[in-house]
Amino acid sequence: MEALTAILEHATAAIPPEYIHLQIDGGDPIYRERVYCYELYHQMRSIWPAGTPFYLNGEIDKAAHPILVELGAAYAKPDLLVHQPGYMVGNYAIIEVKSARPPLSGIRKDLETLALFRTKVGYKRAIYLLFGNEVNDALLARIEGASKVASKDIPVEIWFHPKPSASAFQVALLGKITA
């Protein structure tokens, strides 16, 4: 599923502004993670390659999964998974999405989930995608700081999607990736 990087770049570039910064009656526009995630899922599925053994699924509840209970990952509800349903070996990517101003506790929780799926559950890639016009070097520094507190070795790709009509892009790679 090496095409995931290109799929993510193309899909994020196709997300209209109203799915990034939601208009609300009586107030200023706000970021809503679910709205963004659903549109990202839609855009990714619209260009998903035929014939791949991998599926794109959103927010799968892992609560009763017998293997994930054993691995300590049953609490997780990843925003997006690129996987082969029914198989725990050879799954490709877990993606967590957050708006540009996540609380520090949320960053730590997301990084721990991503690291767990990457290191113990066996996913090849773990992607932390942050969207909104406030994604910047200061946010990256907060994420890097949180990664040091959450775990000493978190193999996670950090992606930013700062504005509509532009592709998301990888800004950092936390931890070391082992084969």
Peer 1: For the residue pair N57 and V82, establish whether any side-chain heavy-atom pair is separated by less than 4.5 Å.
Peer 2: no

Peer 1: Verify, without hydrogens or angle tests, whether W159 (side chain) and L8 (backbone) share a donor-acceptor contact under 3.5 angstrom.
Peer 2: no

Peer 1: Answer yes or no: are there more than 12 heavy-atom neighbours, outside R45 itself, under 6.0 Å from its atom CZ?
Peer 2: no

Peer 1: Between H10 (side chain only) and A6 (backbone N and O only), is there a donor and an acceptor less than 3.5 Å apart?
Peer 2: yes

Peer 1: Mind checking whether I47 and L56 sit in one hydrophobic cluster, side chains of I, L, V, M, F, W, Y counted as touching below 4.5 Å?
Peer 2: yes

Peer 1: When you look at D79 and Y128, which way does the side chain to side chain donor-acceptor pair (under 3.5 Å) test go after all the steps?
Peer 2: CA-CA 10 Å; D79 290 319; Y128 198 25; over 6 Å; no

Peer 1: Let me see the working for R142 and S147 under side chain to side chain donor-acceptor pair (under 3.5 Å), right down to the final yes or no.
Peer 2: CA-CA 9 Å; R142 284 183 67 218; S147 75; over 6 Å; no

Peer 1: Between H83 and P85, which heavy-atom pair has the shortest distance, and what is it?
Peer 2: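 Heavy atoms only, the tightest pair is O-CD, 3.5 Å.
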
Peer 1: Measure the OH-OH distance between Y19 and Y38 for me, rounded to the nearest 0.5 Å.
Peer 2: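 Output value for this atom pair is 13.0 Å.
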
Peer 1: With hydrophobic residues grouped by side-chain heavy-atom distances under 4.5 Å, do L22 and Y31 end up in a single group?
Peer 2: yes

Peer 1: Is any side-chain heavy atom of I143 less than 4.5 Å from a side-chain heavy atom of L174?
Peer 2: yes

Peer 1: Could you tell me which non-hydrogen atom of Y123 sits nearest to which non-hydrogen atom of I94, and how far apart they are?
Peer 2: CD2-N, 3.9 Å

Peer 1: Show me the donor-acceptor pairs, under 3.5 Å and distance only, between side chains in residues 95-107 and residues at least two apart or in other chains.
Peer 2:
unit_1 : atom_1 : unit_2 : atom_2 : d
K98    : NZ     : E33    : OE1    : 3.3
K98    : NZ     : D110   : OD2    : 3.3
R101   : NH2    : E134   : OE2    : 2.8

Peer 1: Just to verify, what does E9 make a side-chain hydrogen bond (donor to acceptor under 3.5 Å, both in side chains) with, not counting sequence neighbours?
Peer 2: none

Peer 1: Show the nearest heavy-atom pair for residues Y41 and G58, with the distance to one decimal.
Peer 2: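 Nearest pair, atom of Y41 first, then G58: CE1-N, 4.2 Å.
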
Peer 1: With a 4.5 Å cut-off on side-chain heavy atoms, are Q84 and N91 touching?
Peer 2: yes

Peer 1: Going by distance alone, is a donor N or O of one side chain under 3.5 Å from an acceptor N or O of the other, for T113 and R118?
Peer 2: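 R118 and T113 do not have a side-chain donor-acceptor pair below 3.5 Å.
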
Peer 1: What is the minimum heavy-atom distance between A126 and L114, and which atoms define it?
Peer 2: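 So the minimum-distance heavy-atom pair works out to CB-O, 3.7 Å.
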
Peer 1: Are the side chains of M44 and L4 in touch, meaning some heavy atoms are under 4.5 Å apart?
Peer 2: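 When only atoms from C-beta onward are counted, L4 and M44 do touch, with a gap below 4.5 Å.
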
Peer 1: Nearest 0.5 angstrom please: I127 CD1 to L80 CG, how far?
Peer 2: 9.5 Å

Peer 1: Go through the structure and list residues passing ring pair (Phe, Tyr, Trp, His ring centres under 6.0 Å) with Y36, not counting sequence neighbours.
Peer 2: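 Expected list: F131, H161.
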
Peer 1: Looking at side-chain heavy atoms only, is the closest gap between E157 and R125 below 4.5 Å?
Peer 2: yes

Peer 1: Work out which heavy atom in L139 is nearest to a heavy atom in N136; give both atom names and the distance.
Peer 2: N-OD1, 3.0 Å

Peer 1: Are side-chain heavy atoms of I15 and L40 found at a separation under 4.5 Å?
Peer 2: yes

Peer 1: Give me the atom names and distance for the closest heavy-atom approach of P162 to F169.
Peer 2: CD-CE2, 3.7 Å

Peer 1: Are the charged groups of E39 and R32 less than 4.0 angstrom apart, N to O?
Peer 2: no

